[in-house]
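Every chain is numbered from 1 and lettered A, B, ... according to where its sequence line falls, protein lines coming before strand lines.
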Amino acid sequence: MSWIGRSLRRFEDPALLLGRGRFTGDVARGAAAVRFVRSDVARGRIKSIAKPQGALVFTAEDLKDVKAIRPLLHRPDYVAIEHPVLARGRVNHVGEAIAVVVADDPAMAEDIGEAVEIDIEAEDAVVDVDAALLPSAAKVHDIGKSNVIVEGTLRTAGVDAAFARAHKRVEINIHSRRQSAMPLEPRGGHAAWDAATGRVTLTCSVQMPHMLRTGLADVLGIPEAELRVIAPDVGGGFGQKMQLFPEYVALVWLARRLRRSLAWIEDRHENFLASAHARDQRYTLRAAFDQEARLLAIDADIRCNIGAYSCYPTTCGVEPLMAMAELPGPYDFREYAVRSRGVATNTCMMAPYRGVSRPVLTFAMERLMDTAAAQFGLDPVEIRRRNLIRKFPYTSASGLVYDEGSYLQTLEAAAKAVDVPAFRQLQRAEREKKRYLGLGFSAFSERSGYGSKAFAARKMDIVPGYETVEIAMDPSGYVVARIGASPHGQGLRTSLAQIIADELGLAPDKIRVVHGDTDNTPYGWGTFASRSLVLSGGACKLAAAALARRIAEIAGGMLEAAAADIELAEGKARVKGTDKVIEIARIARIAYQQSHLVQGGPGLRESATYDPDGTFSNACHAAIVEVDIQTGGVAIRRFVVAEDAGILVNPMIVDGQVHGGVAQGIANALFEEIKYDEHGNLLTTSLADYLPPTAAEMPQIEIHHLVTLSDATITKAKGVGEGGTIGAPAAVVNAIVDALSPFGIELFELPVTPQRIRQKLREVNA
Amino acid sequence: LPILDSSWRTGFYEFSRRAGDFALAMTAVALRTDGKKIKEARIGIGGVEDRPFRCTQAETVLLQGGSLADAAQAVAQMVKPMEDIHADAPYRKDLVRATTLRALEQAMA
């Protein structure tokens with residue numbers, strides 16, 4: 001009986017649902033309060049800072065022994081800009097931390113913060129990405145030739161020839177407005193000073209505790225041994241909590257300097273101002289098609305607004321360089337030219353957000369497909385059918401190698417589920433009644449579960465990728481798996497236990513997964529890039545298999561059989577095909593308490609590291625929407641996901657990942673938008689201005705699973721964490737454009753708000 | 001508030017970005033009718049200007065035999081909408097035209 005493939009209820013949920021979770025804010029109770037005093041000017045020179053008398057207020061002057069955060073990419077086109085922990089002489093965006101206050105409680109800290117007088121000589125801010133690229137634009141940083149901080153280019157040999165022989169050339173311009181990953185729990189940290197050891201324990205809401213410890217130690221100039229980082233329950237991160245943020249550096253510095261425990265708990269306003277944003281991108285795509293509407297070539301110009309600083313450890317290359325590498329997506333074409341730039345502006349830093357660039361590049365490619373389909377007079381399904389990848393392994397025009405997938409099959413499954421001919425009939429009938437329905441598709445690939453080789457290829461200074469697991473069975477036969485990965489709500493404690501359970505022949509409830517504590521887990525990376533289940537799951541499988549072999553050896557010795565003839569199932573070791581059996585718990589007891597009877601030494605513990613090249617999941621989304629042409633309102637009538645993530649370890653958790661991802665994708669399509677004014681003032685600083693959708697705006701999501709067994713991972717599971725977010729925006733907007741086709745309206749921007757729809761309709765007097 | 005007798009019909013329509021958000025425009029109407037003929041009209045508009053108000057111009061349109069659409073257009077023409085991050089003035093005019101027409105249609109249905 002296999003535990004893999006079963007929708008086990010999550011071990012995490014009882015505590016979370018009963019209010020017994022342990023979040024950073026719970027740990028922080030009673031600690032001294034830390035408050036950051038932030039710039040209300042987007043760009044300027046700090047003339048003076050006046051601290052109130054008798055208060056604990058620190059500025060860059062006090063932090064002279066602390067280095068700036070300096071993320072690095074070893075590429076000649078990367079400019080190594082620095083992010084000071086507290087502003088040094090200049091401010092580069094509204095919300096940048098200038099001073100830090102420590103007081104007995106948060107209210108007092110806020111009052112003291114208000115009393116810090118900062119005089120800034122304001123200069124004209126650079127806000128928009130295209131404006132920042134103008135030769136006349138002021139430079140955000142003194143180094144480098146322009147505001148371009150990173151620039152990737154690629155050009156295959158036959159691009160010009162492909163355009164020359166093309167039957168049709170299609171050009172579109174895409175604009176994705178800025179978003180926030182907006183985790184339910186904002187950032188926060190509690191730095192506990194231990195007077196006995198002189199160590200600091202930083203408990204904080206992060207996705208990468210080990211990396212954070214390394215980054216903090218580097219910037220503070222201390223050995224990592226003096227630091228312990230704990231990620232307790234984390235209320236979502238979606239990439240925002242991957243960063244080494246200045247606030248955490250300041251917290252540890254303060255705990256060491258003041259020799260006391262203190263906490264900083266961010267509110268939503270501060271999170272909007274100063275954490276990280278994403279998806280502020282513009283694309284110009286030129287495409288060449290042959291007579292049969294087969295894509296011959298793409299020529300892309302991609303501009304990503306990276307804000308004022310480069311994020312650590314991925315750097316600001318994360319959006320532009322991923323966009324460059326993955327733009328080809330699920331489509332088979334051979335000629336590709338691209339220039340992709342990351343551009344500094346006086347706005348909050350960009351950082352990875354679930355999907356990283358792929359929601360936007362998929363939007364760009366899928367709008368391109370529908371635009372081309374209209375010009376060829378083809379059905380949107382047909383043009384995709386003609387262009388999707390069919391043979392594996394497939395090497396893309398940008399050089400990525402795709403393992404086996406089901407690109408065509410997921411398209412057909414989604415098309416079948418929505419019943420395209422029946423829908424077209426309904427659409428025509430409803431139009432007679434002045435009701436406007438539309439159908440949109442979005443096919444995409446989701447590169448996932450990749451290890452250090454893929455990250456090294458990006459020339460990162462910090463190369464993440466592998467995951468390590470240390471597994472031990474205790475004398476009563478229970479198992480603890482200490483993982484370097486660090487879940488932020490996705491149920492890894494359950495799904496990893498299922499993988500281990502199958503190797504050991506034990507029930508998953510005898511397996512405890514320990515994570516998020518640098519003192520108690522092996523060095524590892526954490527949650528990002530749809531990797532945790534693939535990487536940590538692979539390491540769990542390897543480590544548990546090694547432990548199973550050890551148990552079989554001991555059992556074989558006791559049952560007078562070869563280890564190879566022992567099978568582990570239902571808590572027992574059995575000589576295959578016989579009734580010779582011993583309880584695994586008995587073996588565990590003997591391994592520790594009767595170790596003189598056991599060959600190979602006492603105890604039952606193993607460890608393993610997994611570091612694969614990576615795998616591609618794939619999916620096709622289909623949306624049916626109704627557009628209210630008088631109000632511009634959009635209602636999603638159906639949402640279908642046909643996806644292939646290989647073997648599903650826990651199908652319920654996978655469905656949950658798809659649901660949550662699609663919700664963020666719909667948010668991206670219709671609702672969420674960070675807005676700055678032309679001076680760099682942030683206009684969206686609350687959930688009344690920035691609109692994450694609620695359950696009431698969410699459609700039922702119908703999921704169809706296809707299973708391709710790829711050899712790219714040892715569990716045959718592929719990553720699935722980001723797919724929902726990647727596909728949904730394009731499907732929804734393609735459906736809106738289809739609904740509005742009687743009016744000849746095209747939309748190439750995100751989000752598509754009711755106001756924007758009405759504006760387009762007014763332009764055609766509708 | 002007086003209880004309206006059976007000669008009065010009412011209608012309400014609002015538009016917001018999400019369920020439960022403040023309306024970007026809303027219309028509440030009460031119409032006293034004799035068959036399909038409108039004898040008295042009250043049209044209240046909210047979310048469009050800095051305070052809710054009665055749109056007597058649109059009420060007059062109805063009393064003078066104008067269509068529901070004419071009345072909705074009259075509201076859209078006379079309002080001086082506030083602007084915010086979700087709706088500029090032209091969009092609020094579009095919205096109040098739609099909310100008024102729908103409230104009136106609901107009342108007359």
Side-chain angles (χ1 to χ4, degrees), chain A residues 177-178 180 182 272 433-436 626-636 663 666-678 681-699 743 751-766, chain B residues 11-29 43 45-50 55 58 67-77 79-109:
Chain A
R177 289 182 172 79
R178 183 176 284 233
S180 166
M182 223 213 55
F272 275 123
K433 295 184 260 173
K434 300 217 179 299
R435 290 184 61 188
Y436 296 90
E626 179 172 356
V627 181
D628 180 338
I629 63 156
Q630 292 178 346
T631 64
V634 174
I636 300 174
I666 289 172
N668 199 172
L670 299 176
F671 292 99
E672 296 183 4
E673 178 176 351
I674 296 265
K675 286 185 185 172
Y676 281 95
D677 71 10
E678 71 272 27
N681 296 305
L682 187 61
L683 303 177
T684 43
T685 57
S686 81
L687 297 181
D689 315 309
Y690 186 84
L691 306 180
T694 72
E697 283 73 51
M698 281 300 117
F743 304 96
V752 175
T753 61
Q755 175 168 282
R756 291 197 176 108
I757 289 175
R758 272 307 310 163
Q759 190 184 340
K760 291 277 186 186
L761 284 162
R762 270 200 309 276
E763 285 167 8
V764 296
N765 298 313
Chain B
F12 175 77
Y13 196 89
E14 66 172 336
F15 183 85
S16 62
R17 293 289 304 277
R18 300 174 302 185
D21 280 348
F22 287 119
L24 299 181
M26 65 165 83
T27 307
V29 302
I43 299 178
I45 306 295
V48 178
E49 297 190 358
D50 61 353
C55 186
S67 69
L68 304 185
D70 292 340
Q73 181 60 24
V75 174
Q77 256 169 14
V79 291
K80 294 186 175 58
M82 56 183 174
E83 299 200 306
D84 61 28
I85 203 161
H86 304 304
D88 59 16
Y91 179 48
R92 273 211 162 78
K93 279 178 178 278
D94 286 348
L95 280 180
V96 79
R97 185 185 301 111
T99 60
T100 303
L101 182 61
R102 289 173 192 190
L104 289 169
E105 284 174 345
Q106 188 187 53
M108 294 302 287

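- In this structure, no portion of A:I629 lies under 4.5 Å from any heavy atom of chain B.
- If you measure heavy-atom distances from B:R102 to chain A, the contacts under 4.5 Å come from the side chain alone.
- Here the straight-line distance linking atom CD1 of B:I85 with atom OG1 of A:T753 works out to 11.0 Å at 0.5 Å rounding.
- Interface check for chain A: of the options B:G20, B:A25, B:A19, the most heavy-atom pairs under 4.5 Å are formed by B:A19.
- To the nearest 0.5 Å, atoms CG (B:L95) and CZ (A:R758) are separated by 8.5 Å.
- The two residues B:A98 and A:Q630 make their nearest non-hydrogen contact at CB-CB, 3.8 Å.
- Residue B:D84: no heavy atom, backbone or side chain, is found under 4.5 Å from chain A.
- For the pair A:P754 and B:Y91, the tightest heavy-atom approach, listed with the atom from each and the gap, is CB-OH, 2.9 Å.
- Contact record, B:R18 with A:F671: CG-CE2, 3.9 Å, taken as the closest heavy-atom pair.
- Between B:L24 and A:Q755 there is no side-chain heavy-atom pair separated by less than 4.5 Å.
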Please tabulate, for the side chains in residues 759-766 of chain A, all donor-acceptor contacts under 3.5 angstrom to protein atoms that are two or more places apart in sequence or on a different chain.
residue : atom : partner : partner atom : Å
A:R762  : NH1  : B:D94   : OD2          : 2.5

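- The main-chain N or O of A:A688 is found under 3.5 Å from a side-chain atom of B:H86 such that the two form a donor-acceptor pair.
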